[in-house]
Protein chains: 2
Amino acid sequence: MIKDKFADAVATPPPADGEADIGAINEILGFHIRLAHGACLRHFTETFTDLDLTQKQVSVLWLVDDHPGIAQTDLAQRLRMDRATTMAIINRLQAKHFLRRDRSDKDGRKQALFLEPAGVAMLARAKQAIGEHEAWVKSRFSDKEVKLLIDLLSRIHE
Amino acid sequence: MIKDKFADAVATPPPADGEADIGAINEILGFHIRLAHGACLRHFTETFTDLDLTQKQVSVLWLVDDHPGIAQTDLAQRLRMDRATTMAIINRLQAKHFLRRDRSDKDGRKQALFLEPAGVAMLARAKQAIGEHEAWVKSRFSDKEVKLLIDLLSRIHE
DNA sequence: CGGGAATTGTAAGTCTTGCTAACAAATAGG
DNA sequence: CCTATTTGTTAGCAAGACTTACAATTCCCG
């Protein structure tokens, strides 16, 4: 019942000459990106209610696991976040004892991030949940289409 | 400098056997959707700093213009929001005198939404800004690819 | 070598979005 | 007529993104 789509809410009165301006909102690429992202986020959140993790938090765990000792700034760049936002996320993960900050030896300004055992365990569960989530998203596409979609999206975020 | 991408932040130590679990994070479709959305949102926000409007606000103005007298619930369905979130957005737009609420004649529970003159004017400016924003997004694609991408994304949000 | 510039992390505060829970008013349906 | 549903509303909470400011560290040029 969340998807009756266009039950033309109202008598959709004469747009006069209307629509001539820029086209319908459904032709706006950005509009579809936002809706698709919203749908993804909703499903992700459902999938992760038990684990109590957000997309960003999982991404951070994942990257810290892939790059032990990574600095907050590097994380921020990879996930396109600013330092302040990164702080907030790291703080939450640290509060849950999923990772720790070690002052870097080589550069006293940097914090080297490492997963704690609890973080390793949680990431394992998270990757499994991501598998389910991905299956849900990909169920609409052929393997070829998935590759294509990733290629197209990559051009947007570089 | 926001896009140096993979300046391998850290010595990317041996992942042991690693990567065998579920694949690299870059192969996760949801990950690319989030990054693409983030990039879009950032550019949108820049484009709209002068107008001081968010994506959601523009979408609402647009839909109210397309469907004068639309109810908040209908708006919520079309933009996949809940009632409470819709309230907050409508409140902000009403505070700026971009639209008004009229109690519906036919159904006393519903609020019929209409653009105020200031809203019509703002929407006109917004559509122009969206044109620029869309041009930025679409500059990476051929017309054919844009159509394809919209089709693929539509399958996700239905 | 010294000192200003840049980098990195941190803290505090704001705004938007998204959610839940609870409640009131209106309508729908038996 | 009475109950269930729909719709709007309010209040409160959390996450994310952003700004500004500040301290510590490192870089680099003169």
Side-chain angles (χ1 to χ4, degrees), chain A residues 1-2 4 7 9-10 34-35 37-46 48-49 52-60 69-77 79-96 100-113, chain B residues 1-2 4 7 9-10 34-35 37-46 48-49 52-60 69-77 79-96 100-113:
Chain A
M1 62 152 59
I2 221 172
D4 72 325
V10 77
R34 280 160 236 154
L35 286 185
H37 172 255
C40 255
L41 179 55
R42 254 185 314 274
H43 184 272
F44 185 102
T45 305
E46 271 179 45
F48 277 79
T49 37
D52 196 36
L53 286 176
T54 66
Q55 287 181 341
K56 280 285 150 88
Q57 287 166 8
V58 173
S59 298
V60 167
I70 193 174
Q72 292 180 192
T73 301
D74 294 319
L75 257 186
Q77 279 176 216
L79 298 177
R80 315 299 195 273
M81 307 184 294
D82 60 42
R83 283 173 296 156
T85 304
T86 306
M87 273 291 304
I89 294 171
I90 302 278
N91 283 344
R92 278 174 216 124
L93 291 173
Q94 194 179 32
K96 291 180 180 176
R100 69 175 191 281
R101 294 168 154 104
D102 279 356
R103 201 104 226 167
S104 169
D105 304 330
K106 307 171 188 172
D107 191 333
R109 294 167 300 183
K110 293 186 179 179
Q111 295 280 29
L113 301 175
Chain B
M1 62 152 60
I2 221 172
D4 74 324
V10 77
R34 281 160 236 154
L35 285 184
H37 172 255
C40 253
L41 179 55
R42 251 182 319 272
H43 184 271
F44 186 103
T45 305
E46 271 178 46
F48 277 78
T49 38
D52 196 35
L53 285 175
T54 65
Q55 287 181 342
K56 279 284 148 90
Q57 287 166 7
V58 172
S59 297
V60 167
I70 194 174
Q72 291 180 192
T73 300
D74 293 319
L75 257 186
Q77 280 176 216
L79 297 177
R80 313 302 195 271
M81 308 183 294
D82 61 40
R83 284 173 296 157
T85 304
T86 307
M87 274 293 304
I89 295 170
I90 302 277
N91 282 344
R92 278 175 214 123
L93 291 172
Q94 194 179 32
K96 291 180 181 177
R100 69 176 191 280
R101 293 167 154 105
D102 279 358
R103 202 102 224 169
S104 169
D105 304 331
K106 307 172 187 171
D107 190 334
R109 294 168 300 183
K110 292 186 180 179
Q111 294 280 30
L113 301 175

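Quick note on labels: first sequence line is chain A, next is B, and so on, each numbered from 1.
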Result for 5'-nearest mapping on DNA chain D, choosing between Thr85(A) and Arg103(B), is Arg103(B)

Nearest whole Å is fine: how far is dT7(D) C1' from Leu113(B) CG? 12 Å

Heavy-atom side-chain proximity of Arg80(A) to Leu35(B) below 4.5 angstrom: yes

OP1, OP2 of dT10(C) versus side-chain N and O of Gln111(A): anything below 4.0 Å? yes

Please give, in whole Å, the distance from dT16(C) C1' to Met81(B) CE? 12 Å

Using whole Å, what does the distance between atom P of nucleotide dA25(C) and atom CZ of Arg83(B) come to? 16 Å

If you define the side chain from C-beta out and look only at heavy atoms, does anything of Lys56(B) sit under 4.5 Å from Thr85(B)? no

Verify the contact: side-chain N or O of Arg101(A) to OP1 or OP2 of dT10(C), cut-off strictly under 4.0 Å; return yes or no. yes

Distance, rounded to the nearest Å, where Asp102(B) contributes CG and dT7(D) contributes C1': 16 Å

Rounded to the nearest Å, what distance is computed from the CZ atom of residue Arg80(B) to the P atom of nucleotide dT17(C)? 17 Å

From the list dT10(C), dT17(C), dT7(C), which nucleotide is the closest neighbour of the side chain of Lys56(B)? dT17(C)

Lys110(B), nearest nucleotide to its side chain (from dG16(D), dT7(D), dT17(C)): dT7(D)

From dT9(D), dC19(C), dT26(D), nucleotide with atom closest to Asp107(A) side chain: dT26(D)

Can you tell me if the side-chain N/O atoms of Thr73(A) get under 4.0 Å from OP1 or OP2 in dG9(C)? yes

Whole angstrom is fine here: how far is it from CD1 in Ile90(A) over to C1' in dA11(C)? 16 Å

For dT16(C), take OP1 and OP2 only and decide whether either is under 4.0 Å from a side-chain N or O of Arg92(B). yes

Using heavy-atom distances to pick each residue's nearest nucleotide on DNA chain D, tell me which of Ser104(A) and Gln55(A) is more 5'. Gln55(A)

Indicate the atoms forming the closest heavy-atom contact of Arg34(A) with Ser59(B), along with that distance. NH1-OG, 4.4 Å

Counting only side-chain heavy atoms from C-beta out, which of dT25(D), dT10(D), dT19(D) sits nearest to Ala84(A)? dT19(D)

Could you check how far NE2 of His37(A) sits from C1' of dG16(D), rounded to whole Å? 11 Å

Between dT17(C), dC19(C), dG9(C), which nucleotide gets closest to the side-chain atoms of Thr54(B)? dT17(C)

Rounded at 0.5 Å granularity, tell me how far CG in Asp74(B) sits from CD in Gln111(B). 13.0 Å

Contact class for Ile89(B) vs. all strands (heavy atom < 4.0 Å): base, sugar-phosphate, or nothing? sugar-phosphate

Stepwise side chain to side chain contact (heavy atoms under 4.5 Å, CB included) check, Gln72(B) with Arg83(B): CA-CA 7 Å; Gln72(B) 291 180 192; Arg83(B) 284 173 296 157; over 6 Å; no

Closest heavy-atom pair and its distance - Gln57(B), Arg92(B): NE2-CD, 3.8 Å

To the nearest Å, give me how far apart CG (Asp52(B)) and P (dT14(C)) are. 17 Å

Please determine if a side-chain N or O atom of Gln72(A) lies less than 4.0 Å away from the OP1 or OP2 oxygen of dT10(C). yes

Does a side-chain N or O of Thr86(A) approach OP1 or OP2 of dG9(C) to a distance below 4.0 Å, or not? no

Return the nearest nucleotide to the side chain of Asp82(A); candidates are dG16(D), dT7(D), dC18(D). dC18(D)

As a test of reading the structure: which of dT10(C), dT7(D), dG16(D) is closest to the side chain of Arg109(B), going by heavy atoms? dT7(D)

